[in-house]
2 protein chains.
Amino acid sequence: MGIVDRKQRQKEEVRSSILDTAWDLVVTEGWQSFSIRKIADAIEYSVPVIYSHFENKDAILLEFNRKGFQLLAEALAAAKAGKPHPADEIRAMGRAYWNFAFANKEYYQLMFGLGIPTCETVSKIPAMKDLNEVISSSIIAMVPEGKPLPFDPFLKYQSFWSMLHGLVSINMSSLGRSTNDHPGHEGLPLQVLEDVLCSFIRGIQSAGQPTEH
Amino acid sequence: MGIVDRKQRQKEEVRSSILDTAWDLVVTEGWQSFSIRKIADAIEYSVPVIYSHFENKDAILLEFNRKGFQLLAEALAAAKAGKPHPADEIRAMGRAYWNFAFANKEYYQLMFGLGIPTCETVSKIPAMKDLNEVISSSIIAMVPEGKPLPFDPFLKYQSFWSMLHGLVSINMSSLGRSTNDHPGHEGLPLQVLEDVLCSFIRGIQSAGQPTEH
DNA sequence: TACTTTCCCTAACGGCGTTAGCAAAGTTAC
DNA sequence: GTAACTTTGCTAACGCCGTTAGGGAAAGTA
C-alpha cells in the first residue's frame with residue numbers, strides 16, 4: 001500500500017517546489033515578479049495545479065509570513081542566549097532584529113510592508129506569540145526579582161518593537177538614504193540603532209522613578 | 001484671445017477632477033479601488049484622457065505623496081508653534097504626527113506603506129526637506145545656545161521619525177491590535193506614544209553626559 | 001467652404017488572479 | 001483483459017489591470 005504514500009510524497013514535493021520556486025523568484029527578481037503564472041511557468045506545471053495546493057495567492061504569502069516570523073523569533077531567541085544581563089539581552093535582540101531585517105529584506109518587506117496584516121492574518125501566525133514571549137521576558141527581567149513591575153511590560157514590548165520597526169523601515173525604504181545629502185554620515189543608521197536601544201533601556205531602568213519633567 | 005485661456009482652464013479642471021475623484025475613490029473604497037479605469041469611469045472620460053494629464057499611474061500617486069508630506073509638515077509646524085520650550089515642541093510634534101497618521105490613514109499608507117519610496121521619489125518631494133527642517137530645529141534648540149551640540153542632530157531627527165513611524169505603523173496595521181488578547185489595554189497606544197516621546201527627550205537631554213552603562 | 005489642429009474615443013496588447021470543463025492517465029473491480 | 005471510476009493536470013476562458021496605437025469627430029483658422 002505504498003502507492004498512496006508515494007502519491008502523498010509526490011504531492012508534497014510539488015507543494016514545496018512551489019514554495020521554493022516562488023521564493024527564488026522573489027529573491028532574484030523582487031516582489032513584482034511574484035505571480036501565480038510565473039511560478040507555474042518555473043515549476044513547469046500549468047496554473048491550476050498551484051490552486052490544488054493553495055487556496056489562492058494570499059495563502060502562499062501567508063506561508064512565507066509564518067516562516068518569516070518564525071525565523072525572526074528564532075534569531076532573537078538565539079541572540080539573547082547567554083547574555084549576562086537583561087539589558088544586554090535587549091541590546092542583542094535589537095541588533096539581531098536589525099540584522100534579520102537587512103539580511104532578509106524580502107521576508108521583512110512581506111511581514112511588515114506589503115499586505116498590511118489584518119487581525120485574521122495575525123491570528124494565523126503562531127510565531128508572533130513566541131516573538132512577544134522572547135522580548136517581553138527580557139523586559140520583565142530588567143526589574144529585580146520580587147519587586148512589582150513599575151511599568152506595563154506589554155507597553156514596553158510595543159515600544160521596543162515600534163522603535164525597531166520604525167528604524168528599519170525608514171532605512172530600508174531609502175527615506176533614510178538622504179544620507180547622500182549629508183556626507184560624513186555613512187555609518188549613521190547603526191549609530192541611530194544604538195542610540196535608540198540606549199534610550200529604551202534607560203527608559204526601563206528609570207521607570208517608576210520620579211520624573212524631573 | 002481668451003480662447004486658449006479657457007482651454008487652459010478647462011484642461012486644468014479635468015486635471016483636478018482626476019485628482020479629486022481618485023482621492024474620493026481611495027477614501028471611500030480603499031487603495032485596491034485606485035485604478036486608472038475606475039477613475040476614468042468616475043470622471044466620465046475615456047481612459048486615455050487620463051494619460052494626457054499624467055504620465056502614468058505612479059505620477060498620480062506622486063502627486064498625492066507630495067500633498068501628504070506637505071500636509072504633514074504643515075501639521076507639525078502648526079503643532080510646535082507657540083510652545084514655551086523645545087521639549088514641548090517635540091512632544092507636540094510627536095502627538096501631531098500620530099494624529100495626522102490616524103486622521104489621514106490613506107495619506108499615511110501611501111507615504112510610507114505602499115510604493116516603498118525610492119531615492120528618486122524622495123528627491124521629487126520638496127516638502128520632505130521642510131519636515132526635516134521643522135523637526136531638526138526643535139531638536140537643536142534643546143541644547144542651550146552657544147554650547148556645542150553633544151549629538152548629531154540628523155541622527156536624532158532620524159531616531160525621532162523612526163520611533164514615531166514604528167509606533168504608527170505597528171498600531172495601524174493591527175499588529176498592535178493584539179490588544180484584544182490583553183484586556184484592560186484599551187488606551188495603550190497613546191501611552192506608548194507618550195512613553196516613547198519621553199524616552200526620546202530624555203535621550204537628548206542626557207546626551208554627552210557620562211553613561212553608567 | 002476647405003484645411004488644419006485639437007480632442008477624445010474605440011480597440012487592442014500583454015499582464016494578472018481565478019475557475020470551468022475536459023482529456024488523458026492511473027487505479028480498481030470484475 | 002476489459003470496463004468503470006478516480007485522479008491529475010491541461011486548455012481556454014472570464015474579468016480585471018496599465019498602457020498605447022490609430023482614427024474620427026469637433027473646433028478653430030483661412
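Note that these values count all heavy atoms, side chains included, but never hydrogens, waters or copies made by symmetry. Per chain, numbering begins at 1; letters A, B, ... match sequence-line order.
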Within residues 19-28 of chain B, which residues have any heavy atom lying less than 4.0 Å from an atom of DNA chain C?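 Listed by number, there are none.
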May I have the distance from A:Trp31 (atom CH2) to C:dG15 (atom C1'), rounded to whole angstrom? 19 Å
Gap between atoms NE2 and C1', on B:His53 and C:dC8 respectively (whole Å):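 Computing the B:His53:NE2 to C:dC8:C1' distance gives 10 Å.
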Whole angstrom is fine here: how far is it from CD in A:Glu13 over to P in D:dT8?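 Rounded to the whole Å, the gap is 14 Å.
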Distance-only polar pair, side chains of B:Asp20 and B:Ser16, donor-acceptor under 3.5 Å: no
Under a 4.0 Å heavy-atom cut-off, which of residues 32-45 of chain A touch DNA chain C?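 Going residue by residue through residues 32-45 of chain A, the ones with a heavy atom under 4.0 Å of DNA chain C turn out to be A:Phe34, A:Ser35, A:Ile36, A:Arg37, A:Lys38.
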When rounded to the nearest 0.5 angstrom, what is the spacing between CG in B:Leu110 and CG in B:Asn104?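 That separation rounds to 11.5 Å.
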Reported CD-to-CG distance for the pair A:Gln191 and B:Asp152, which is rounded to 0.5 angstrom: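 These two atoms lie 7.0 Å from each other.
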With sequence neighbours excluded, tell me which residues meet side-chain contact (heavy atoms from CB on, under 4.5 Å) with A:Leu71.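 Checked A:Leu71 against side-chain contact (heavy atoms from CB on, under 4.5 Å); matches are A:Lys67, A:Glu74, A:Phe100, A:Tyr107.
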Got a sec, which residues hit side-chain contact (heavy atoms from CB on, under 4.5 Å) with B:Glu133, two or more places apart in sequence or on another chain?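 For B:Glu133, the residues satisfying side-chain contact (heavy atoms from CB on, under 4.5 Å) (neighbours in sequence not counted) are B:Ser137.
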Taking atom C1' of D:dT19 as reference, at what distance in whole Å does atom CZ of B:Phe54 sit?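 Going from B:Phe54 (CZ) to D:dT19 (C1'), I get 16 Å.
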Is atom CD of B:Gln32 surrounded by more than 12 heavy atoms (other residues, nucleotides or ligands) closer than 6.0 Å?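 It does: B:Gln32 CD has more than 12 such atoms within range.
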Can you say whether the rings of B:Trp31 and B:Trp23 are parallel (under 30°), tilted (30 to 60°) or perpendicular (over 60°)? perpendicular
Take the angle between the ring planes of B:Tyr97 and B:Phe112 and call it parallel below 30°, perpendicular above 60°, tilted in between.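 Answer is tilted, since the angle falls between 30° and 60°.
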Using modelled atom types and a 3.5 Å cut-off, is there a donor and acceptor pairing between side-chain atoms of A:Lys80 and backbone atoms of A:Ala92? no
Nearest whole angstrom, please: distance from the C1' of C:dT19 to the CD1 of A:Ile50.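 Answer to the nearest Å: 14 Å.
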For residues 52-63 of chain A, which side-chain donor-acceptor pairs fall under 3.5 Å, sequence neighbours excluded?
{"from": "A:Ser52", "atom 1": "OG", "to": "A:Val49", "atom 2": "O", "distance (Å)": "2.5"}
{"from": "A:Asn56", "atom 1": "OD1", "to": "A:Asp58", "atom 2": "N", "distance (Å)": "3.2"}
{"from": "A:Asn56", "atom 1": "OD1", "to": "A:Ala59", "atom 2": "N", "distance (Å)": "3.1"}
{"from": "A:Lys57", "atom 1": "NZ", "to": "A:Phe34", "atom 2": "O", "distance (Å)": "3.1"}
{"from": "A:Glu63", "atom 1": "OE2", "to": "A:Arg15", "atom 2": "NH2", "distance (Å)": "3.2"}

Does a sphere of radius 6.0 Å around CZ in A:Phe151 hold more than 12 heavy atoms from other residues, nucleotides or ligands, not counting ones at 6.0 Å or beyond? yes
Could you tell me the separation between the CD atom of A:Glu29 and the P atom of C:dG15, rounded to a whole number of Å? 13 Å
Identified stems (criterion: three or more consecutive Watson-Crick or G-U pairs, under 3.5 Å), DNA chain D: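 Runs of three or more consecutive pairs: C:1-30 with D:1-30.
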By nearest atom, which of the nucleotides D:dT19, C:dT18, D:dG9 is closest to the A:Lys57 side chain? C:dT18
Between C:dT19 (C1') and A:Tyr51 (OH): distance, integer Å: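 A:Tyr51 atom OH is separated from C:dT19 atom C1' by 9 Å.
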Measure from the side chain of B:Ser46, starting at C-beta and using heavy atoms only, and say which of C:dT19, D:dG9, C:dC8 lies closest. C:dC8
